[in-house]
Structure formats: C-alpha cells, structure tokens
Chemist: 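Before we start, here is the structure in question, set down as structure tokens.
Both ligands and their constituent atoms are indexed starting at 1 by order of listing. Residues take their numbers from the sequence shown, with the count starting at 1.
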Amino acid sequence: MSLKKETLLVQTGNDRDEPLGAVNTPIYLSAPYRHQNIGLSNGYDYIRTGNPTRDVLERAIAELENGDRGFACSSGMSAIQLAFSLFKTGDHIIASRDLYGGSYRIFEWFSTNYQIQFSFWNPENEIIDKLIQTNTKAIFIETPTNPLMRETDLQILSEFARENGLLMIVDNTFYTPIIQRPIEMGADIVIHSATKYLGGHNDVLAGLVISGNEEISTKLSENHNTCGAVLGPFDSWLLIRGMKTLALRMRQHEENAKKIYSYLKQHQLAITVHYPGKGGMVSFEIANEACVSPFLRSLKIFTFAEILGGVESLITYPATQTHADIPEETRQSYGLSNRFLRISVGIEHAEDLISDLEQAFHCLEKDGLAPSTKVKGGGQVESVR
Ligand SMILES: *Cc1c(COP(=O)(O)O)cnc(C)c1O
C-alpha cells in the first residue's frame with residue numbers, strides 16, 4: 001500500500017512488530033549490543049554503525065524523499081560533509097552562487113585544505129555549460145536559494161548533470177519533501193539541515209542525507225560509519241517527533257507566508273520582496289541600512305535569531321549572521337545587500353504577524369528614519385486585515 005506523505009510522517013515509528021507494542025519509537029541508548037557468539041549479531045553491534053532509533057528516522061526520510069537510503073548526521077554541515085566524502089583532491093564542483101553562508105565556508109575549506117575546486121553559478125546571468133571542466137564531478141544546488149529565494153528547474157538541471165556524467169546534489173532544507181522531492185526530478189543526493197523545518201521546534205541540531213541509488217548508498221553508508229558524525233538516539237527521537245507534524249506545519253507556514261508577502265509587497269518601506277510562491281520563507285530589502293537595527297529592535301513577535309523553519313516566526317539579518325562569511329563584495333554582486341532581511345514565517349496567526357511588522361514600520365516613520373508609509377505608486381496603505 002503506497003501511503004501519502006502525511007500518513008507516512010504521522011505513522012513514523014509506530015511499528016506493528018515492536019515486541020512491547022510501543023506506539024512511540026523507543027529511544028535505544030545502549031552503545032553496544034550483546035553477541036551470542038563469534039560471528040553472531042542481531043543486526044546491531046555498535047551505536048555509531050547502527051542504532052534502532054536512528055534507523056526509524058533514516059527509513060522515514062528515505063521514503064519521504066523517494067530515495068534509496070537515508071543517513072542521519074549530527075548537523076546539516078556534517079550531512080554536507082558526508083555527501084562530499086564522495087569527492088577527492090583535484091575534483092571540481094559547480095555550486096549555486098547564492099548559498100547558505102556555512103556551505104560557502106565549508107567549500108572554501110575544502111578548496112584550501114583539500115584542493116577540491118569550486119565554481120559558483122548564478123543561474124540569473126550565467127550559462128552552466130561554460131563552467132564544466134574535465135574534472136567536474138558534481139553540481140551542488142539550493143533551490144530556492146538562501147536568502148534570495150530563486151528557484152532552479154531541477155528536472156532540466158538533472159538532465160544536464162546526467163548528460164555530463166555529474167552527480168547532482170540538492171540542499172532541500174527550505175522546501176522539505178512536502179513541497180519538493182529532488183530525487184523524483186533526477187537528483188542523486190538530497191541533503192537537509194533537519195535543524196530547520198524537519199525538526200521544526202528549534203530544539204535539535206541534525207542533518208540528513210538521502211541517496212538516490214544503491215551505488216551511492218553503499219559508499220555513503222561506509223563513509224557515515226567511518227567518519228562518525230552520526231545523529232545520537234535522543235536527537236533522532238526528537239527529530240522523529242518533530243517530523244510527525246511536518247505536513248501540517250508546512251501548510252500553515254505557507255498560508256501565512258503568502259499573506260506576509262502580499263503585505264510586504266505593497267509596503268513602501270519594503271523595496272524588493274522575494275517569495276517563490278511556495279514554502280514559508282520571505283525576504284525583503286528595507287528602505288535603507290539605517291532602518292535595519294531599529295526595525296529588528298521594534299519587533300515584538302518575530303524573534304531576531306539566526307535560524308529558520310521553527311514554529312515561531314523568526315527574522316535574520318544575513319549580512320552579519322547566516323552569510324557573514326561571504327565577502328561583502330561577493331554578496332553585493334549577486335544582490336545580497338546590507339538592507340536585506342530574511343523572514344521565516346511561523347505558524348502563529350497571520351494577523352498578529354502582520355500587525356507586528358506594521359508597528360515596527362511605524363516606529364521607523366515615527367523616528368524619522370523613513371518616509372511615512374504610502375502604497376507603492378501613491379495613495380495611503382490599505383489595511384490588509
Ligand atoms: C542551516 C543550514 C545548513 C546547515 O545546517 P546545520 O544544521 O546548521 O548544521 C545547511 N543548508 C541550509 C540551507 C541551511 O539553512
């Protein structure tokens with residue numbers, strides 16, 4: 001029976017064969033497993049190699065992404081590192097220009113210390129063909145990008161990757177398998193910072209890698225155990241618990257994000273507003289850089305913090321937070337200015353969220369930091385409520 005994603009998520013870990021009938025996945029903290037004799041194992045030997053709680057999570061994410069196998073890692077960064085364990089010195093990778101700052105940082109590190117080369121691709125104004133070299137091994141892409149929210153057609157890109165014998169790796173943190181399943185569109189590997197939407201409650205650091213075929217699974221499985229950045233049993237359980245409500249949460253994140261987008265789009269103090277029409281992330285440029293700090297301080301419901309994907313509404317200033325490791329000149333060159341704010345729309349009531357933004361914009365006007373609010377193109381703002 002092929003189940004819908006909502007059902008799979010909710011039923012994760014509710015195992016009919018569990019000996020005591022536990023409806024909720026037990027947390028197996030035992031590091032070793034007893035062997036009855038030499039060469040005898042019940043499938044579990046040592047906690048890094050395999051853990052029953054982590055297995056439940058890994059099977060669930062593999063099924064959700066329609067992949068072959070899942071690998072739970074100690075963070076999103078270690079998930080990226082696991083994927084990159086497939087490459088070696090001298091390999092060349094093409095990566096999205098607009099990228100999570102931590103991914104950019106680890107790529108710099110791979111490049112400096114291990115001589116893995118990177119070319120950064122801006123789909124807005126560059127043709128990818130030109131970036132291919134004889135040693136190119138993979139494409140690493142975020143779609144939508146962080147924080148400019150630009151989408152790339154995965155179907156077309158994975159065809160291109162296949163024709164050129166490249167692996168296609170997709171960071172699916174922003175959309176989650178509820179909105180986008182890259183393996184169905186031809187990707188070979190999906191990675192997640194599960195710290196974000198999959199966990200959803202700002203209480204666990206975790207990463208996931210999903211392989212699209214058995215050959216990749218075999219290599220990743222070996223490297224996962226060899227390098228050892230695996231997710232612990234308790235964190236695996238927290239992630240399973242968070243994921244049960246993923247479908248519900250994503251629906252509400254998206255509904256609220258659409259309303260926030262409409263509100264910001266007509267606001268004179270939001271110069272550019274970015275929303276790809278799906279998911280819960282909205283970003284915008286505020287009227288001027290001097291407005292950034294007072295705006296952040298005036299917000300009462302949105303939390304100014306360096307994260308996304310939790311049930312709570314969050315706001316991030318990429319220039320000094322998530323993207324601080326990208327040189328300013330590079331950032332500016334692709335549109336990530338110092339006026340840029342990124343919102344992770346939570347699942348609170350949308351009206352409260354819009355009121356909060358509204359009063360923060362009013363504070364700017366009151367303090368003379370910005371002209372008084374008008375609808376873009378003239379006339380007074382009409383309340384969206
Ligand atoms: C946060 C994030 C990461 C890194 O994940 P951690 O769980 O913080 O290690 C990678 N990619 C994207 C898109 C992210 O937002």
Chemist: Under 4.5 Å side-chain heavy-atom separation, chaining through any Ile, Leu, Val, Met, Phe, Trp or Tyr, what else clusters with Ile141? Say none if it is isolated.
Modeler: Ile94, Trp121, Ile128, Leu131, Ile132, Ile139, Leu154, Leu157, Phe160, Leu166, Met168, Val170, Met185
Chemist: Report the residues that fulfil side chain to side chain donor-acceptor pair (under 3.5 Å) with Glu306, sequence neighbours left out, ordered by chain and then residue number.
Modeler: none
Chemist: Does this structure show an ion pair linking Glu63 with Arg69, if we count only N-O contacts that are shorter than 4.0 Å?
Modeler: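 So Glu63 does not pair with Arg69 through a salt bridge.
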Chemist: Got a salt bridge between Arg59 and Asp15, using NZ or NE/NH1/NH2 to carboxylate O under 4.0 Å?
Modeler: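 Salt bridge: no.
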Chemist: With a cut-off of 3.5 Å and sequence neighbours excluded, list every side-chain donor-acceptor pair involving residues 293-304.
Modeler:
{"unit_1": "Ser293", "atom_1": "OG", "unit_2": "Arg297", "atom_2": "NE", "d": "3.3"}
{"unit_1": "Ser293", "atom_1": "OG", "unit_2": "Arg297", "atom_2": "NH2", "d": "3.1"}
{"unit_1": "Ser298", "atom_1": "OG", "unit_2": "Pro294", "atom_2": "O", "d": "2.7"}
{"unit_1": "Lys300", "atom_1": "NZ", "unit_2": "Gln359", "atom_2": "OE1", "d": "3.4"}

Chemist: Does ligand 1 have any N/O atom under 3.5 Å from a protein N/O, and what are those pairs and their distances?
Modeler:
{"unit_1": "ligand 1", "atom_1": "5 (O)", "unit_2": "Ser193", "atom_2": "OG", "d": "3.0"}
{"unit_1": "ligand 1", "atom_1": "7 (O)", "unit_2": "Gly76", "atom_2": "N", "d": "2.9"}
{"unit_1": "ligand 1", "atom_1": "7 (O)", "unit_2": "Ser193", "atom_2": "OG", "d": "2.8"}
{"unit_1": "ligand 1", "atom_1": "7 (O)", "unit_2": "Thr195", "atom_2": "OG1", "d": "2.6"}
{"unit_1": "ligand 1", "atom_1": "9 (O)", "unit_2": "Gly76", "atom_2": "N", "d": "3.0"}
{"unit_1": "ligand 1", "atom_1": "9 (O)", "unit_2": "Met77", "atom_2": "N", "d": "2.9"}
{"unit_1": "ligand 1", "atom_1": "11 (N)", "unit_2": "Asp171", "atom_2": "OD2", "d": "2.7"}
{"unit_1": "ligand 1", "atom_1": "15 (O)", "unit_2": "Lys196", "atom_2": "NZ", "d": "2.7"}

Chemist: Salt bridge check, Glu151 against Lys278: does any charged N sit closer than 4.0 Å to a carboxylate O?
Modeler: yes
